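Below, all heavy atoms of this structure are taken into account, side chains as well, without hydrogens, waters or symmetry copies. In what follows, chains are A, B, ... by sequence order, proteins preceding strands, each numbered from 1. Just so it is clear, the structure is predicted and the values come from calculations on it, not from any experiment.
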Amino acid sequence: MTQAEIVFHNTLSGKKETFVPANPEHVSIYVCGPTVYSFVHIGNGRPAVVFDVLTRLLRTRYPKVSYVSNITDIDDKINAAAASNGEDIKTLADRYSRAYQEDVAALGVRPPDVVPKATHHIAEIIDMIETLIEKDHAYASEGHVLFHVPSDPEYGSLSKRSLEDMIDGARVEVAGYKKDPKDFVLWKPSTEDQPGWDSPWGRGRPGWHIECSAMVKKHLGDTIDIHGGGSDLTFPHHENEAAQSRCANDDSGYVRYWLHNGMLNLGTEKMSKSVGNVLTIRGLLEKHSSEVLRYALLSGQYSSSLTWSDDLLAQARASLDSLYQGLRDVADTNPLTSTDMEKLAQEEFPETVVNALCDDLNTPKALAAMHELAADMRRTTDEAAKAAARNQLLAGGWLLGLLYQNAEDYFTQGQPGDSAAPTADAIEALIAERKAARADGDYAGADRIRDELLAAGIELEDSREGTRWRKI
RNA sequence: GGCUGGGUGGCAGAGUGGUUAUGCAGCGGACUGCAACUCCGUUAACGCCGGUUCGAUUCCGACCUCAGCCUCCA
């Protein structure tokens with residue numbers, strides 16, 4: 001069977017392009033992670049989840065995929081937060097790094113192969129800056145080292161803006177130590193009370209963009225296949241990063257496919273720490289299951305913006321319930337979950353789901369395909385066909401990082417933040433009592449028990465095999 | 001102002017030059033003691049104005065409008 005081609009919308013060309021890795025034996029991906037100075041919000045979870053799905057897809061098809069995603073642990077906001085807490089930046093950044101990794105792990109994100117941090121790569125950063133100076137793309141000035149933007153003829157090619165446009169914007173910082181207002185800092189001096197490292201230009205700290213250039217080079221090489229991140233990083237972060245790497249590396253390619261995820265909105269506005277309209281993953285997990293959050297994130301195509309709302313979560317919950325409801329009906333014979341499907345050969349994954357994902361990671365279409373698989377499974381009466389359909393559904397679930405729970409548990413464990421519900425034993429006892437009442441024809445008594453359970457958040461489902469329950 | 005991407009049924013969200021997206025919700029029916037679950041059926045959409053076309057939600061142009069980036073940001 002011929003596999004569908006993988007197609008990506010490449011920010012660099014502005015078009016969809018067929019994905020052809022530089023080396024099919026070893027695919028490389030780098031994704032920009034967050035700057036950690038507080039708990040991350042659900043918007044930070046989107047790239048983590050999206051590129052997790054991408055690596056799951058790629059790993060079904062290529063023998064080796066190296067996935068690197070950094071955490072920025074040196075930055076002026078970190079400095080400010082640490083200073084106001086009276087702690088050092090490492091303590092603070094380590095604490096929030098761990099929290100970030102826990103939060104995205106809760107969203108079903110598998111850890112990247114490498115999670116590099118800027119402060120562990122100071123030597124590599126200094127090396128790269130020296131190279132840029134040697135090649136006349138950067139210069140030292142008053143303790144700073146600056147990248148000279150006009151020295152890169154391709155500058156602006158990623159974010160599609162001309163140097164004139166940037167002057168029109170007139171928001172670039174003008175400073176005496178800059179040759180050109182658009183020049184940006186590679187290294188900046190630290191005062192005594194600021195964190196810093198010794199360098200050929202005095203004690204200082206790296207600028208924001210250089211860490212990614214240095215860490216990509218170290219962990220993946222001069223040219224990588226895929227670079228991902230939020231669309232808000234396209235300019236200036238990725239433009240600057242690309243300029244540095246192009247100019248420092250002999251191989252001029254750097255990134256072959258740039259992928260940018262859209263922003264999460266809250267109301268009509270982008271969710272953003274500086275605006276203050278954020279919902280932390282941690283906070284959301286108090287009220288919603290992590291799988292519902294993941295479903296909600298996947299309900300929109302990654303490059304579009306997605307409006308986060310209670311209604312979105314309610315719909316995600318209901319949709320996920322329906323997939324699990326189907327699984328619950330076949331679960332008793334063999335309670336598999338999607339995590340049992342990791343090792344399948346690529347042709348064993350459901351074609352409709354795979355094809356949707358191959359089309360620029362069209363997760364809404366993939367979810368639609370999942371619901372169609374689930375409907376097929378429910379309609380089938382043949383047990384063998386039902387089990388086969390169940391396996392297809394779970395295999396699709398693996399690609400999306402969903403359906404990893406046992407269906408029975410999914411319905412009986414309830415959602416976080418549920419009010420205290422009766423224990424399973426108490427529920428079973430009431431179900432037995434109701435059964436006896438029904439056998440006696442005491443329907444009023446039976447209904448009273450059912451209503452009582454419903455009031456406690458327990459819904460009953462009768463079938464020929466007996467009565468089962470779920471938390472709602 | 002420049003650049004980028006949008007405006008699809010009650011909501012979310014795919015897609016297509018002429019044929020059912022899908023999910024949630026709604027409606028009718030089956031099942032059920034009644035429900036729930038499930039099944040069957042069903043309502044309903046393509047911002048506005050022109051153009052191309054036998055035919056446009058889908059292509060082209062103008063307009064209106066929304067969001068993002070141009071400063072830290074996933």
Side-chain angles (χ1 to χ4, degrees), chain A residues 9 11 14 31-35 37 40-51 69 72 75-77 100 104 156 159-162 164-173 208 228-237 239 260-265 268-275 278 295-296 299-307 309 311-323 325-326 328-329 352 356 359 362-372 374-375 378-379 381 411 438 441-444 446-447 450-451 454 459-464 467-470 472:
Chain A
H9 177 88
T11 307
V31 174
C32 284
T35 301
Y37 56 94
V40 297
H41 57 78
I42 189 68
N44 295 290
R46 171 122 100 149
V49 167
V50 162
F51 293 107
S69 186
T72 296
D75 161 272
D76 286 349
K77 284 184 178 165
Y100 166 70
V104 295
S159 58
K160 314 234 181 332
R161 57 193 78 200
S162 66
E164 298 78 60
D165 290 342
M166 285 175 263
I167 292 167
D168 289 344
R171 297 212 222 177
V172 283
E173 186 193 356
W208 177 29
S231 61
D232 54 353
L233 298 183
T234 309
F235 190 90
H237 181 56
E239 190 70 69
H260 288 99
N261 64 275
M263 298 293 99
L264 247 47
N265 294 155
T268 58
E269 214 176 2
K270 173 186 164 185
M271 189 183 291
S272 155
K273 281 186 197 172
S274 46
V275 178
V278 299
Y295 192 106
S299 67
Q301 202 265 352
Y302 78 94
S303 61
S304 302
S305 59
L306 177 69
T307 300
S309 66
D311 201 42
L312 178 75
L313 286 167
Q315 293 191 21
R317 163 87 194 276
S319 299
L320 190 58
D321 280 359
S322 85
L323 293 178
Q325 190 81 42
R328 194 181 192 188
D329 290 330
T352 51
D359 183 11
N362 192 333
T363 52
K365 199 174 177 183
L367 289 170
M370 291 287 284
H371 284 282
E372 282 172 349
R378 285 192 300 255
R379 285 189 204 107
T381 48
F411 287 110
R438 291 176 75 198
D442 176 15
Y443 293 120
D447 290 351
R450 187 171 63 196
D451 291 345
L454 191 61
E459 189 171 80
L460 300 186
E461 294 173 12
D462 292 331
S463 73
R464 280 184 210 86
T467 299
R468 71 183 181 191
W469 57 276
R470 57 171 295 196
I472 54 172

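Contact annotation for A:L306: backbone-only contact, meaning every heavy-atom pair under 4.0 Å involves sugar-phosphate atoms and none involves a base. Residue contacts for A:S159: at a heavy-atom cut-off of 4.0 Å it reaches the sugar-phosphate backbone alone, with no base atom in range. Nucleic acid contact class of A:G33 (heavy atoms, under 4.0 Å, all strands): sugar-phosphate only. Heavy atoms of A:S299 sit under 4.0 angstrom from primed sugar atoms or phosphate atoms, though from no base atom. Contact annotation for A:M271: base contact, defined as any heavy-atom pair under 4.0 Å involving a base atom. A:G43 comes within 4.0 angstrom of a nucleotide base, judged by non-hydrogen atoms across all strands. Among the heavy atoms of the strands lying under 4.0 Å from A:H41 is at least one base atom, whether or not backbone atoms are also near. In this structure, A:K160 reaches the sugar-phosphate backbone alone: every heavy-atom distance under 4.0 Å involves primed, P, OP1 or OP2 atoms, never a base. Contacts of A:T11 with the nucleic acid, taken as non-hydrogen atoms under 4.0 Å apart, are absent. Within 4.0 Å (heavy atoms only), A:D311 reaches sugar-phosphate atoms of the nucleic acid but no base atom.
Using a 4.0 Å cut-off between charged side-chain N and carboxylate O, A:D165 and A:K160 make no salt bridge.
Side-chain atoms of A:Q325 and A:D329 form no donor-acceptor pair, as typed in the model, at a separation below 3.5 Å. No hydrogens or angles considered: a donor-acceptor pair under 3.5 Å links the side chains of A:S272 and A:S274.
Each of A:Q325 and A:T268 was assigned the nucleotide of RNA chain B with the nearest heavy atom; the assignment lying further toward the 5' end belongs to A:Q325. Residues A:S304 and A:K273 both approach RNA chain B. Their nearest nucleotides, taken by heavy-atom distance, put A:S304 toward the 5′ side.
A donor and an acceptor atom sit less than 3.5 Å apart, one in the side chain of A:S274 and one in the base of B:C72.
The shortest distance between the side-chain N/O atoms of A:K270 and the OP1/OP2 oxygens of B:C69 is below 4.0 Å. In terms of phosphate contacts, A:N362 brings no side-chain nitrogen or oxygen within less than 4.0 Å of OP1 or OP2 of B:G13.
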statement: With sugar-phosphate taken as primed atoms, P, OP1 and OP2 and all else as base, the protein-contact string of nucleotides 22-35 of chain B at under 4.0 Å (heavy atoms; B, S, -) is SBS--------BBB
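Straight-line distance from the CD atom of A:E239 to the P atom of B:C72: 14 Å, rounded to whole Å. What separates CE of A:M263 from C1' of B:A67 is a distance of 12 Å, to the nearest Å.
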